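Before any comments, here is the structure.
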Amino acid sequence: MSAVKLLIFSGSTRQGSHNTKLATAVSALARDLGADVTHISLSDYLAPLFDPDWEKENGVPQTIIDLGALMTDADAAFIASPEYNSGQTPLLKNTIDWLSRLKPHPFKETLFSLGGASPGAMGGIRGMFSLRTTLVGLNAIVMPEQLTVGGAASAFNDDGSFANERSADFANVQLARTLDVARKLRA
Ligand SMILES: Cc1cc2nc3c(=O)[nH]c(=O)nc-3n(C[C@H](O)[C@H](O)[C@H](O)COP(=O)(O)O)c2cc1C
C-alpha cells in the first residue's frame, strides 16, 4: 500500500511561531513513520477576510482553490493550532470559512489530527476544542487525541526536534494512530 499522504500546516504565520516549529517537529516524526508529508505555510494560501459580498463579486480566491486541492489530495491533515482567547486563530477560521465555500468542500475527504503549542502550561488545548467544533461541523473526522505542547519557548531544539522526550513520545503515538486510521479510511 502506498504511503499515507499527510498535509501539515500551522495556524500561525508569525515569524518564529511556536506552532510552525511544532508543525516542523511533527513533519520529521511523520516522515520517520513512513508518511508522505507535505508541510505548507498558510502564508502561501492567504485570502481576504471572508465577506459574502466580496465572494459574490470575486468568487473563491485561487489560493483557497489550491489549498482545497491539496487537502483533497491528502489522506490526512495535521494542524498545529495556536490558541487565541480560548479559541482558534482568525487566520485558521478565515481559511476554513473560505474552504467551506468550495463545492464540494474538502473536509469530508480528509482526516484531521490536531496539536497546539503555547507559552502557557495548557498547550493551547482550548484553541483545539474550538477548531475541533468547526471541523466536526463540516463533517470532518477528527482524531480524538490532541497534542498539547506547553512551555513552548523551550519546547524545541535548534535542529527543529522536540526538546522534551515526552512530547516526542506523545506525538509519535498520535501520528501512528492517525496514519493507521487514515489507511483504514482509504481501504
Ligand atoms: C490575541 C491573542 C490571544 C491569545 N490568547 C491565548 C490564550 O487564550 N491561551 C494561550 O495559551 N495563549 C494565548 N495567546 C498567546 C499565544 O499562545 C502565543 O502568542 C503563541 O506564541 C501564539 O502561537 P505562535 O507562536 O504559533 O504564533 C494569545 C495571543 C494573542 C496574540
Side-chain angles (χ1 to χ4, degrees), residues 6-31 35 37-51 61 63-64 66-67 70-71 74 76-99 107 110-138 140 142-175 178:
L6 182 63
L7 181 67
I8 299 184
F9 59 91
S10 164
S12 170
T13 54
R14 187 179 71 81
Q15 296 248 340
S17 156
H18 300 309
N19 286 278
T20 301
K21 288 180 186 170
L22 175 58
T24 301
V26 162
S27 294
L29 294 184
R31 286 193 180 100
V37 173
T38 303
H39 180 187
I40 60 164
S41 168
L42 289 185
S43 60
D44 293 325
Y45 299 91
L46 295 176
L49 185 62
F50 182 78
D51 170 356
T63 48
I64 295 296
D66 294 345
L67 180 57
L70 278 181
M71 278 177 60
F78 183 96
I79 305 178
S81 162
E83 175 177 297
Y84 275 13
N85 298 318
S86 312
Q88 60 198 284
T89 56
L91 171 65
L92 267 181
K93 186 63 167 57
N94 193 53
T95 303
I96 293 170
D97 285 346
W98 269 119
L99 286 166
F107 293 95
T110 312
L111 171 71
F112 287 87
S113 193
L114 308 183
S118 162
M122 304 291 285
I125 194 164
R126 294 169 305 179
M128 280 179 266
F129 285 133
S130 157
L131 178 58
R132 177 180 296 276
T133 299
T134 303
L135 292 171
V136 170
L138 287 161
V142 187
M143 292 296 295
E145 297 88 351
Q146 39 198 27
L147 182 63
T148 55
V149 179
S154 54
F156 304 100
N157 296 317
D158 288 344
D159 67 1
S161 61
F162 286 102
N164 180 329
E165 212 173 301
R166 260 171 73 85
S167 293
D169 288 346
F170 280 123
N172 261 319
V173 169
Q174 181 170 330
L175 282 168
T178 303

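Computed over heavy atoms, backbone and side chain alike; hydrogens, waters and symmetry mates excluded. Whatever order the structure lists ligands and atoms in, that order sets their numbers, starting from 1. For clarity, every value in this text was computed on a predicted model and none was experimentally measured. Along the sequence shown, the residues carry numbers beginning at 1.
- With sequence neighbours left out, the side-chain hydrogen bond (donor to acceptor under 3.5 Å, both in side chains) criterion links D159 to S161.
- Side-chain atoms of T133 come within 3.5 Å of backbone N or O of F129 as a donor-acceptor pair.
- A parallel orientation is assigned to the rings of F107 and F112, their planes being inclined by less than 30° (bins at 30° and 60°).
- In this model, a donor atom of one side chain and an acceptor atom of the other lie less than 3.5 Å apart for S10 and T20.
- Closer than 4.0 angstrom to ligand 1 sit non-hydrogen atoms from S12, R14, S17, H18, N19, P82, E83, Y84, N85, S86, S118, P119, R126.
- The CG atom of L91 sits 6.5 Å away from atom CG of L46, with the distance rounded to the nearest 0.5 Å.
- Between the CG atom in L135 and the CD atom in Q88 there is a gap of 7.5 Å [rounded to 0.5 Å].
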